[in-house]
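As structure tokens, the structure follows; a few thoughts come after it.
Counting starts at 1 for both ligands and their atoms, in listed order.
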Amino acid sequence: MNPELQLLISQEEIAQTVDGLARAINQDYRDQPLILVGILKGAFVFLADLMRQLQVPVQRVELIRLSSYGTRTRSSGTVQVLLDLPPQLLRHQPVLLVEDIVDTGLSTAKALQMLQQQQPASLRLCALLDKPARRQVPVHIDYLGCTVPDQFIVGYGIDWKEQYRHLPAIYTVQQLEADA
Ligand code: PRP
Ligand code: MN
Ligand code: MG
């Protein structure tokens, strides 16, 4: 049975949040050519909206794919790398990692570690959502959109069992099966 969804962040609020993040990034990077790295699948909607608000020279957009939840609603505790970057791509370049949500922090910490190995000139993290209640590893978020409560979140790229990524707003899931 599908769970009930309750609106948490409206389309308008998301747009304002993305706008504010883009402004801060534009100010900080100015004329620096920037490489954006999004984490599939969850970040693809946020990345698409954010990058179109950027006025900095975006030199390249790359995507990696990580998975820690699979079809479950709790982190498995291990992060699988399903798509990696070509080698040497980030060397000596300013890099911005773009993620939809930082929950336990395991996915973002893994991604930051992968990217750092390529020795970028600088590496920062932009996350639309932060759920600090579930954090297992510390993650510094340089550009943060909104803090969310300790509830399962869907929409705007984020899934529940692969569903609801297409929803234009962000919702909390009210009833979850005991599948974790
Ligand atoms: C979700 C979400 C983040 C990550 C956050 O991805 O999109 O990437 O979990 O959780 P964490 O901080 O506990 O690691 P998921 O593993 O579900 O893959 P998906 O993006 O393909 O849905
Ligand atoms: Mn994800
Ligand atoms: Mg997921």
task = Could you please provide the protein residues found below 4.0 Å of ligand 1 on a heavy-atom basis, arranged by chain and number?
result = Leu40, Lys41, Gly42, Leu66, Ser67, Ser68, Tyr69, Glu99, Asp100, Ile101, Val102, Asp103, Thr104, Gly105, Leu106, Ser107, Asp159, Arg165
task = Using the ring of Tyr143 (Phe, Tyr or Trp, six-membered ring only), decide whether Arg23 places NZ or CZ under 6.0 Å from its centre and within 45 degrees of its axis.
result = no
message = Suppose the cut-off is 2.8 Å; how many protein N/O/S atoms fall inside it around the Mg ion (ligand 3)?
response = 1
ask   = Looking at Asp159, Ile9, Thr172, Asp100, which one forms a side chain to side chain contact (heavy atoms under 4.5 Å, CB included) with Ile153?
value = Thr172
Set of side chain to side chain donor-acceptor pair (under 3.5 Å) partners for Gln119, sequence neighbours left out = Arg91
key: side chain to side chain contact (heavy atoms under 4.5 Å, CB included) partner of Leu50, chosen from Val45, Leu36, Val18   = Val18
query = For Gln6, which residues count as a side chain to side chain donor-acceptor pair (under 3.5 Å) partner, sequence neighbours excluded?
reply = Gln174
key: Step-by-step salt bridge (Lys or Arg N to Asp or Glu O under 4.0 Å) determination, Arg135 to Asp103   = CA-CA 6 Å; Arg135 198 73 93 253; Asp103 192 316; over 6 Å; no
ask   = Checking side-chain contact (heavy atoms from CB on, under 4.5 Å) for the pair Leu97/Cys126: CA distance, chi angles, key distance, verdict?
value = CA-CA 6 Å; Leu97 179 65; Cys126 176; over 6 Å; no
query = Does Asp84 come within less than 4.0 Å of Arg65, counting only side-chain N to carboxylate O?
reply = no
task = Please indicate whether Asp150 has more than 12 foreign heavy atoms, meaning atoms of other residues, nucleotides or ligands, lying under 6.0 Å from its CG.
result = yes
